[in-house]
Visitor: 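Below: one structure in structure tokens.
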Protein chains: 2
Amino acid sequence: MGSRSHRSVTAQDVAKLAGVSRASVSRVFGNQGNVARETHEKIVKAANELGYQVNFLAQGLNRKRSQLIGVVVARLSDPFRSSLLEGLLNEIQHKGYQALVTEVRGAEELETTMRRFTQFRVSGVIVTSGQPPAELVKECVQHGIPVVGINRHMDIPDVDFVCSDNKMAALLVAEQLMRCGCHSIGWLNYQQSTWSGINRGDMFRQAMTEKGLLGDCDFQHIIAEADGYEGGRQAAHRFCAEGKKLDGIFCANAQLACGFLDGMRENGLDAPTDFHIIGFDNTPQTAQYSYRLTTIHQDVTETAKRVLSCLEARSHDPRIVQRMEKIPVKLVLRNTSPGQNE
Amino acid sequence: MGSRSHRSVTAQDVAKLAGVSRASVSRVFGNQGNVARETHEKIVKAANELGYQVNFLAQGLNRKRSQLIGVVVARLSDPFRSSLLEGLLNEIQHKGYQALVTEVRGAEELETTMRRFTQFRVSGVIVTSGQPPAELVKECVQHGIPVVGINRHMDIPDVDFVCSDNKMAALLVAEQLMRCGCHSIGWLNYQQSTWSGINRGDMFRQAMTEKGLLGDCDFQHIIAEADGYEGGRQAAHRFCAEGKKLDGIFCANAQLACGFLDGMRENGLDAPTDFHIIGFDNTPQTAQYSYRLTTIHQDVTETAKRVLSCLEARSHDPRIVQRMEKIPVKLVLRNTSPGQNE
DNA sequence: TTGAAAGCGCTACCAT
DNA sequence: ATGGTAGCGCTTTCAA
């Protein structure tokens, strides 16, 4: 590693040492093939000797595309969100990209964020939070940058979507509650829920109808005034204070579910003795002894795979038809609504 | 926004429309000052008209430095780790950088990761997991890239470190347990713990000694054979199976603590009636009704701030003396070892 | 204060 | 298969 001064080693240096042109060096490190075995070896040897590393900035500038992928996230403190990010990072790196991660709060932030992504000539944008403005997406498309959304409303043209199969989840839950003989059923969601939560609720009501359950069942919508664990907990307290009762409760996410369960416990009620409760997300916490929550499992790994597949497909040909992928979910039976499989 | 074809708008285009040279355009968007008010306005106007955006790749290539900051993470499924990342993202974006996030498993991965960071000419590297090989760090330093480690062993020259004040934590915990009249005290940690966990244990023992507690106290080291929640839970089971007893237990992290507590509960023992238990990290979960865990709070926000301050300082002058910052911690008193403040 | 011009390090086209 | 060369879009002296 004969690095004498400050200047970094360039392809030119390698070319000189190997006695070839810098074009050949570029071919070797740009994976373009078309290099004689012998030349290839000489170049690699020289590169190692000098400690040569491709300058991705220069490469991207030329190719008009970096090996960066922009990821829009929010509220990583939610365990499901961070495990989703984990899955995405995994797949992104696996495919040879690097993740440019930005946390976004408001809609304006999403805008500047996506703009920055384009300024880095990212190879793709993954949106896990917020709704990308159609205009911005258009900008991306013009730059040939594919955009894919995860678990959100699929109403933007030219954007692919990957979403957990909420209908399937709803059916699984409806069947489970029915099997357990529940008659009064509730749906718990945050008042200002994301599209994802709302959709899960819609699908649940729909599933109940299809199963012919809405007739002989009581169906209630429990609205949490705050989000997350505390929201769920407060909802339970209010629920009890109002003297309500329910057999089975399905929750829009794991945080709400854990909170609601704890809230009920504070009121002397517990699952599965007093009611059944089923969550969404299957975060690690739901598996713990204090909760043992029956929950819908979202397949993060599969989601991430599909997302990257969408990205690569559209990157190959930007004008392909919009993809909307549903990822199958599983019902994980645990203590709060027990069944055969455990 | 007169975008006619595919080619993206360049500084050249803006210059032409504004009737100035591209040098001036560069000055405006590179924040170099030295541009007449009038010219400045003309340029901004033209840029808006054309929808001009600086190409960060080209900019970085020239400046030999991108506005990217590399962040090395691992196991984001651990709530503390994801909240730390959240804090870092916040601060990184706040300071006008973009985060290049990479999840790392083994030591080799850290190596290729850091290499990739340098290939993007990042403005800094933040290591939250793994120990950067001295050689690689040297490479970064040669490129003028500052490196800072969070909560890890401070044994690498030219790298700054930011670490929660484990000694302070240990003293707070020792005092609390003493105040509660604990006589047999335990320290729970994962067998193959990170440096952070080991250091916390060392500091705890040291604090106990300094307080003169090791004399009249029984001090045990409980070793968890697995990591995380399950590790803690299993440790509790083994602990009980071996018929051991302890008054007060301090845990290397929140996951272990919650697991241990649940494991004890499965054995019919609970805090604070049968023992006191104090965790580390103050993750959201520890605050929940099912745990109400007394815990050491790490100040993620302050940590992130200091990290970026280190980065910027060393970026300004790479040869400044190594910084090792201790971030003060707080003891959050909750149910598992109650006190005055709650 | 502004403009001209020389690169930054790499890719890709065109010859050979 | 290889080399020459013209950029990619921007920054930064150096002169004016």
Side-chain angles (χ1 to χ4, degrees), chain A residues 5-44 46-47 50-68 116 118-123 143-144, chain B residues 5-44 46-47 50-68 116 118-123 143-144:
Chain A
S5 78
H6 195 94
R7 201 176 68 79
S8 50
V9 186
T10 76
Q12 181 68 274
D13 302 328
V14 177
K16 205 193 306 173
L17 180 60
V20 298
S21 74
R22 68 166 160 281
S24 295
V25 177
S26 178
R27 283 184 190 107
V28 168
F29 289 93
N31 316 315
Q32 315 281 301
N34 275 1
V35 178
R37 184 167 212 73
E38 197 189 0
T39 322
H40 188 282
E41 280 169 8
K42 274 196 301 190
I43 292 176
V44 168
L50 297 172
Y52 171 69
Q53 305 281 131
V54 175
N55 181 326
F56 288 151
L57 262 19
Q59 184 181 74
L61 176 58
N62 262 290
R63 302 230 248 237
K64 299 179 182 325
R65 188 106 294 140
S66 66
Q67 30 170 319
L68 258 24
R116 282 182 159 221
T118 70
Q119 293 184 266
F120 274 112
R121 299 291 185 266
V122 297
S123 291
H143 279 272
Chain B
S5 77
H6 196 95
R7 202 177 67 79
S8 50
V9 185
T10 76
Q12 182 68 274
D13 302 329
V14 177
K16 204 193 309 172
L17 180 60
V20 298
S21 73
R22 70 163 159 280
S24 296
V25 178
S26 179
R27 284 184 189 108
V28 168
F29 288 93
N31 315 315
Q32 315 281 301
N34 274 1
V35 177
R37 183 167 213 73
E38 196 190 0
T39 322
H40 188 282
E41 278 169 9
K42 275 196 300 190
I43 291 176
V44 169
L50 297 172
Y52 170 70
Q53 305 283 131
V54 176
N55 180 327
F56 288 150
L57 263 18
Q59 183 180 76
L61 175 58
N62 262 290
R63 301 231 245 238
K64 296 175 181 329
R65 191 106 292 141
S66 65
Q67 32 171 315
L68 257 23
R116 283 184 157 218
T118 69
Q119 294 183 266
F120 274 111
R121 298 291 185 267
V122 295
S123 291
H143 280 272

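Nothing here was measured: the structure is a model prediction, and the numbers come from that model. So that the names make sense, note that chain A is the first sequence line, chain B the second, and so on, each numbered from 1.
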Visitor: With heavy atoms of chain B within less than 4.0 Å as the criterion, where does contact along DNA chain D begin and end?
Guide: D/dG9 to D/dT13
Visitor: Got a sec, which residues hit side chain to side chain contact (heavy atoms under 4.5 Å, CB included) with B/Ala15, two or more places apart in sequence or on another chain?
Guide: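 B/Ala15: side chain to side chain contact (heavy atoms under 4.5 Å, CB included) contacts with B/Gln12, B/Val20, B/Arg22, B/Val25.
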Visitor: For the residue pair B/Asn34 and B/Arg27, what are the closest heavy atoms and their distance?
Guide: O-CD, 4.1 Å
Visitor: If the condition is side chain to side chain contact (heavy atoms under 4.5 Å, CB included), which residues does B/Gln53 pass it with, not counting sequence neighbours?
Guide: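 Side chain to side chain contact (heavy atoms under 4.5 Å, CB included) check on B/Gln53 returns A/Arg115, A/Gln119.
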Visitor: Measure the spacing between CZ of B/Arg116 and OG1 of B/Thr118 and express it to the nearest 0.5 Å.
Guide: 11.0 Å
Visitor: To the nearest 0.5 Å, how far apart are CZ in B/Phe120 and CG in A/Asn55?
Guide: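 The distance works out to 9.5 Å.
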Visitor: Can you tell me how far CG of B/Asn62 sits from OG of B/Ser26, rounded to the nearest 0.5 angstrom?
Guide: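 One gets 8.0 Å once the value is rounded to the nearest 0.5 Å.
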Visitor: How many angstroms lie between CZ in B/Phe56 and CZ in B/Arg63, if you round to the nearest 0.5 Å?
Guide: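 These two atoms lie 9.5 Å from each other.
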Visitor: Any chance you could measure A/Ile43, atom CD1, to A/Ser24, atom OG, to the nearest 0.5 Å?
Guide: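 Here the rounded value is 5.0 Å.
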Visitor: What does nucleotides 1-11 of chain C look like as a protein-contact string, B for base, S for sugar-phosphate only, - for none, at under 4.0 angstrom between heavy atoms?
Guide: SBBB--BBBBB
Visitor: Roughly what angle, to 10°, lies between the helix axis at the start of the helix from C/dT1-D/dA16 to C/dT16-D/dA1 and the one at its end, five pairs per end?
Guide: 30°
Visitor: For B/Val9 and B/Leu50, which heavy atoms make the closest approach, and how far apart are they?
Guide: CG2-O, 3.3 Å
Visitor: Test of understanding: with side chain to side chain donor-acceptor pair (under 3.5 Å), list the residues that count as partners of B/Arg121, not counting sequence neighbours.
Guide: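 Side chain to side chain donor-acceptor pair (under 3.5 Å) list for B/Arg121, sorted by chain: A/Ser8.
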